[in-house]
> 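A single structure is presented below for examination.
In what follows, residues are counted from 1 in the order of the sequence shown.
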Amino acid sequence: MKKRKNIITVAIDSPAAAGAGTQAKLISKRYNLFYLDTGKIYRYIGKLKLDSKSKFNYKLIKKKIKKIKISDLKNKSLLSNEVATTASTIAKDKKIRDIVHKFQQKCAYNPPKNFKGSVLDGRDIITVQVKDAMFKFYITANIDVRAKRRFKEYKRLNKKITYQQVYKSLKNRDKSDKNRKYGPLKKTKDSILINTTKLSKKACFNKIKAIMDKKLNN
Ligand code: C5P
């Protein structure tokens, strides 16, 4: 694949609800970078599985991913806990990971011309998708804080779910995402750790901005 030259690439890996999406959006705005929330692709396939039941197969996934648009990933139906859990299950499948690889590569290395580069967040962005990213961040927070944040989001969306259910679901997803065979979540030595447990969104972003500005202004 041909890569656009002289672009800024930012790769972020994180467990669920650690604040990576919030930081990625702030980064994309500040530096005019194209943002791809890769978890939404797995959620989209998870939703496809829930909706299509027995018709769910690789051929169908390929067909859908070929035509996928960024607007498809913004659908509110992808935000449920059921979809998140199904996403984590289908994400273990190597064939499915391979199908979505190309789309992620295109977004990372050939973002639309009006952007100066790209920022992708997910579980295997630094380890698999954008190994040569200019900036690599591993964003995390303790599970209680993550569960509280996610629970609040669900309440805002009027979802019927208890805090205990959210906590358990995040714990199971952490376990599955970290221990699976293909594209497991892990922190690489060359990525910068940002722990958001005790930091506000703004304080986190200031840390990230300081790191990025130092390199970009050099
Ligand atoms: O980030 P989000 O919580 O929306 O991701 C949903 C699920 O998709 C994750 O739990 C994970 O299993 C999967 N995923 C993945 N690789 C990525 C992004 C998400 O396997 N790069």
> Within the side chain of Arg97, is there an N or O that forms a donor-acceptor pair under 3.5 Å with the backbone of Ala91?
yes
> If you measure only the distance, is there a donor-acceptor pair under 3.5 Å linking the side chains of Tyr109 and Asp132?
yes
> Is there a continuous path of hydrophobic side-chain contacts, each under 4.5 Å between heavy atoms, that joins Ile65 to Ile90?
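Ile65 clusters together with Ile90.
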> Decide, yes or no, whether a salt bridge links Glu153 with Arg150 under the criterion of side-chain N to carboxylate O below 4.0 Å.
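Answer for the salt bridge query: yes.
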> Tell me whether Val10 shares a hydrophobic cluster with Ile125, the cluster being built from Ile, Leu, Val, Met, Phe, Trp, Tyr side chains joined at under 4.5 Å.
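No, no single cluster joins them.
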> Is it the case that Arg123 and Ser88 place a side-chain donor and acceptor less than 3.5 Å from each other?
no
> Taking all heavy atoms of Ile12 and all of Ala20, pick out the closest pair and write down the distance.
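Scanning both residues, the minimum pair turns out to be CG2-CB, 3.9 Å.
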> Ignoring hydrogens and angles, tell me if any N or O in the side chain of Asn179 forms a donor-acceptor pair with the backbone of Pro184 under 3.5 Å.
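Flag not set: sc Asn179 to bb Pro184 has no pair under 3.5 Å.
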> Kindly compute the distance separating NZ (Lys63) from CD1 (Ile68), expressed to the nearest 0.5 Å.
13.5 Å
> Any donor-acceptor pair under 3.5 Å linking the side chain of Ser191 with the backbone of Lys187?
no
> Report yes if some heavy atom in the side chain of Phe34 is under 4.5 Å from a heavy atom in the side chain of Lys116; otherwise report no.
no
> Step by step, would you call Lys40 with Lys74 a side-chain contact (heavy atoms from CB on, under 4.5 Å)?
CA-CA 8 Å; Lys40 289 280 166 59; Lys74 292 191 174 143; over 6 Å; no
> Got a sec: does the CG of Asn217 have more than 12 other heavy atoms crowding it under 6.0 Å?
yes
> Phe137 and Ile126: which non-hydrogen atoms are nearest, and at how many Å?
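Answer, listing the atom of Phe137 first, then Ile126: O-CD1, 3.5 Å.
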> Inspect the surroundings of NZ in Lys159 and state if more than 12 heavy atoms from other residues, nucleotides or ligands are less than 6.0 Å away.
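Enclosed.
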> Any side-chain heavy atom of Arg149 sitting closer than 4.5 Å to one from Thr22?
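A side-chain contact is absent here, since even the closest heavy-atom pair is not under 4.5 Å.
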> Please report the closest heavy-atom contact between Val83 and Ser77, naming both atoms and the distance.
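For Val83 versus Ser77, the nearest heavy atoms are CG2-O, 3.6 Å.
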> Which atom names give the shortest non-hydrogen contact between Phe56 and Ile61, and what distance separates them?
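Distance-wise, the nearest heavy atoms are CZ-CD1, 3.5 Å.
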> With a 4.0 Å cut-off on N to O distance, would you call Lys47 and Asp51 a salt bridge?
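Salt bridge present between Lys47 and Asp51.
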> Can you find a heavy atom in the side chain of Leu36 that is under 4.5 Å from one in the side chain of Leu73?
yes
> What closest approach, in Å, do Tyr35 and Ser28 show between heavy atoms, and which atom pair accounts for it?
CB-CB, 3.8 Å
> Please answer: with hydrophobic residues joined when any side-chain heavy atoms are less than 4.5 Å apart, are Tyr42 and Val128 in the same cluster?
no
> Given Phe115 and Leu33, is the side-chain contact (heavy atoms from CB on, under 4.5 Å) satisfied, shown in steps?
CA-CA 5 Å; Phe115 292 97; Leu33 307 177; 5.5 Å; no
> Are the side chain of Arg43 and the backbone N or O of Leu78 linked by a donor-acceptor pair below 3.5 Å?
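A pair under 3.5 Å: yes.
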> Would you indicate whether the side-chain heavy atoms of Leu157 and Leu79 approach each other to under 4.5 Å?
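The answer is yes; the side chains approach within 4.5 Å.
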> Quick one, Asp121 and Asp13 - any side-chain contact, counting heavy atoms below 4.5 Å?
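They are not in contact (no side-chain heavy atoms under 4.5 Å apart), so the answer is no.
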> Please check this pair: side chain of Thr162 against backbone of Gln165, looking for a donor-acceptor N/O pair closer than 3.5 Å.
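Flag set: sc Thr162 to bb Gln165 pair under 3.5 Å.
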> Mark yes when over 12 heavy atoms from residues, nucleotides or ligands other than Lys155 sit less than 6.0 Å from its NZ; otherwise mark no.
yes
> Same cluster or not: are Leu120 and Met134 linked, directly or through other Ile, Leu, Val, Met, Phe, Trp or Tyr residues, by side-chain heavy atoms under 4.5 angstrom apart?
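No, it is not one cluster - the side chains of Leu120 and Met134 are not joined through contacts under 4.5 Å.
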> Could you go through the side-chain contact (heavy atoms from CB on, under 4.5 Å) check for Thr89 and Ser176 one step at a time?
CA-CA 8 Å; Thr89 307; Ser176 174; over 6 Å; no
> Quick check with a 6.0 Å cut-off and a 45 degree axis cone: is Lys215 positioned over the face of Phe135's six-membered ring?
yes
> Between Tyr58 and Asp98, is there a side-chain donor-acceptor contact under 3.5 Å, judged purely by atom types and distance?
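Side-chain D/A pair, Asp98 to Tyr58: absent.
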> Give a yes or no on whether the backbone of Lys69 and the side-chain of Asp72 come within a donor-acceptor separation of less than 3.5 Å.
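Yes.
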> Can Tyr138 be reached from Ile192 by stepping across I, L, V, M, F, W or Y side chains whose heavy atoms are under 4.5 Å apart?
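They do not share one cluster, since no chain of ILVMFWY contacts under 4.5 Å joins Ile192 to Tyr138.
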> For Thr197 and Asn142, indicate whether the former's side chain and the latter's backbone hold a donor-acceptor pair under 3.5 Å.
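Yes; at least one donor-acceptor contact below 3.5 Å.
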> Which heavy atom of Cys204 sits nearest a heavy atom of Leu199, and at what distance?
SG-CB, 3.6 Å
> With Lys136, which residues qualify under side-chain hydrogen bond (donor to acceptor under 3.5 Å, both in side chains), at least two apart?
Asp190
> Is there a donor-acceptor pair closer than 3.5 Å between any side-chain N or O of Gln105 and the backbone N or O of Met1?
no
> Assess whether side-chain contact (heavy atoms from CB on, under 4.5 Å) is satisfied between Asp213 and Arg30, documenting all intermediate values.
CA-CA 11 Å; Asp213 285 346; Arg30 172 68 181 78; 4.2 Å; yes
> Mind checking whether Val166 and Phe151 have side chains closer than 4.5 Å, heavy atoms only?
yes
> Between Asn110 and Lys2, is there a donor-acceptor pair closer than 3.5 Å when you use the side chain of the first and the backbone of the second?
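Judged by distance alone, yes, a pair lies under 3.5 Å.
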> So do Lys92 and Tyr182 actually touch side chain to side chain, heavy atoms under 4.5 Å?
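Tyr182 does not reach Lys92 side chain to side chain.
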> Flag the pair Asp174 and Lys171 as a salt bridge only when some basic side-chain nitrogen lies within less than 4.0 angstrom of an acidic carboxylate oxygen.
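No salt bridge links Asp174 with Lys171.
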> Quick one: does any side-chain atom of Arg146 pair with a main-chain N or O of Ala141 as donor and acceptor, under 3.5 Å?
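Yes, the answer is positive, given that a donor and an acceptor are paired below the 3.5 Å cut-off.
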> So do Thr140 and Pro15 actually touch side chain to side chain, heavy atoms under 4.5 Å?
yes
